[in-house]
Amino acid sequence: MAKGYWVCTGTIHTPLGMVPYISAFNSWLDAVGARLLVRDLFSDVREGEPGTVNVIVEFESREAALAAYDSAEYQKLIELRTPHSDLSVTITEELTDH
């Protein structure tokens, strides 16, 4: 089964305000069986304006990634994040040979 991913990009406006979110997010990842693959807060953006934050989170499947995002727990985490950042989250899955 293909793995699912969150691809997150954007900007953090108040880094200290993100501390509660980051702490809770890291604990939550373990609870949903996900793992952080990339966390770069100062990306070298060459094209477009996605912001300098890049995060990639891996899940067992696309369905697991969707369910995690839609969970009540993560929806509460979004409330911690949004006053301090502008991030986009795209849910996708890995390319597999068919």
Side-chain angles (χ1 to χ4, degrees):
M1 176 179 291
K3 298 215 183 249
Y5 297 90
W6 288 6
V7 178
C8 312
T9 61
T11 303
I12 293 175
H13 303 293
T14 49
L16 288 177
M18 289 290 286
V19 171
Y21 169 79
I22 292 167
S23 177
F25 180 73
N26 288 334
S27 297
W28 176 80
L29 286 176
D30 288 338
V32 296
R35 71 183 187 126
L36 194 57
L37 294 180
V38 173
R39 180 179 55 210
D40 186 351
L41 303 180
F42 305 102
S43 297
D44 180 358
V45 177
R46 298 295 174 109
E47 294 186 35
E49 296 181 29
T52 59
V53 173
N54 283 288
V55 175
I56 300 175
V57 181
E58 181 182 69
F59 295 84
E60 270 309 303
S61 65
R62 179 184 173 93
E63 292 76 20
L66 291 166
Y69 185 86
D70 292 336
S71 71
E73 296 84 2
Y74 188 70
Q75 294 304 304
K76 289 179 185 175
L77 291 179
I78 291 173
E79 294 174 13
L80 292 175
R81 174 177 52 79
T82 54
H84 308 289
S85 65
D86 290 315
L87 297 178
S88 67
V89 178
T90 301
I91 299 174
T92 189
E93 70 181 357
E94 75 180 319
L95 178 63
T96 59
D97 294 331
H98 293 278

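This one's a predicted model, so the numbers in the text were calculated from it and none came from an experiment. FYI, side chains are in, hydrogens and waters are out, and symmetry mates aren't considered; it's all heavy atoms of this structure.
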Linking I/L/V/M/F/W/Y whenever their side-chain heavy atoms sit closer than 4.5 Å, directly or via other members, would [X] and [Y] fall into one cluster?
X	Y	answer
Phe25	Met18	yes
Ile91	Ile78	yes
Tyr69	Phe59	yes
Val7	Val32	no
Ile12	Val38	no

Quiz item: Would you say the side-chain atoms of Glu73 pair up with the backbone N or O of Ala31, donor to acceptor, closer than 3.5 Å?
Solution: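 Here the side-chain-to-backbone pair does not exist.
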Self-check item: Donor-acceptor contact present, side-chain Ser85 to main-chain Arg81, <3.5 Å
Solution: yes
Practice problem: List the steps and the verdict of side chain to side chain contact (heavy atoms under 4.5 Å, CB included) for Lys3 and Glu93. | Solution: CA-CA 6 Å; Lys3 298 215 183 249; Glu93 70 181 357; over 6 Å; no
Quick check for you: to the nearest 0.5 Å, what is the distance between [X] atom [atom1] and [Y] atom [atom2]?
X	Y	atom1	atom2	answer
Phe42	Asn54	CZ	CG	12.5 Å
Glu58	Leu29	CD	CG	11.5 Å
Ser71	Leu77	OG	CG	7.5 Å

To check you understand the geometry: which heavy-atom pair defines the closest contact between [X] and [Y], and what is its length?
X	Y	value
Tyr5	Ala65	N-CB, 4.3 Å
Thr92	Arg62	CA-NH1, 3.6 Å
Met1	Ser61	SD-CB, 3.2 Å
Val57	Ala34	CG1-CB, 3.8 Å
Thr14	His84	OG1-ND1, 2.6 Å
Trp28	Ala68	CZ2-O, 3.4 Å

Exercise. For side chain to side chain contact (heavy atoms under 4.5 Å, CB included), just list the numbers for Val55 and Leu36, CA-CA rounded to whole Å, side-chain angles, deciding distance to a tenth of an Å, and then say yes or no.
Key: CA-CA 8 Å; Val55 175; Leu36 194 57; 3.4 Å; yes
Quiz item: Do the non-hydrogen side-chain atoms of Asn26 and Tyr21 ever get within less than 4.5 Å of each other?
Solution: no
Practice problem: Step by step, work out the side chain to side chain contact (heavy atoms under 4.5 Å, CB included) result for Thr96 and Glu94. | Solution: CA-CA 6 Å; Thr96 59; Glu94 75 180 319; 3.9 Å; yes
Quiz item: In terms of heavy-atom contacts, does CD of Glu49 have more than 12 from other residues, nucleotides or ligands at under 6.0 Å?
Solution: no
Self-check item: Enclosure of Glu60 CD (heavy-atom neighbours >12, cutoff 6.0 Å)
Solution: no
Exercise. In sequence, state the C-alpha distance, the side-chain angles, and the governing distance for Thr11 and Val53, and then conclude on side chain to side chain contact (heavy atoms under 4.5 Å, CB included).
Key: CA-CA 6 Å; Thr11 303; Val53 173; 5.8 Å; no
Practice problem: Please list, chain by chain and in numerical order, all residues satisfying side chain to side chain donor-acceptor pair (under 3.5 Å) with Thr9, sequence neighbours excluded. | Solution: Ser88
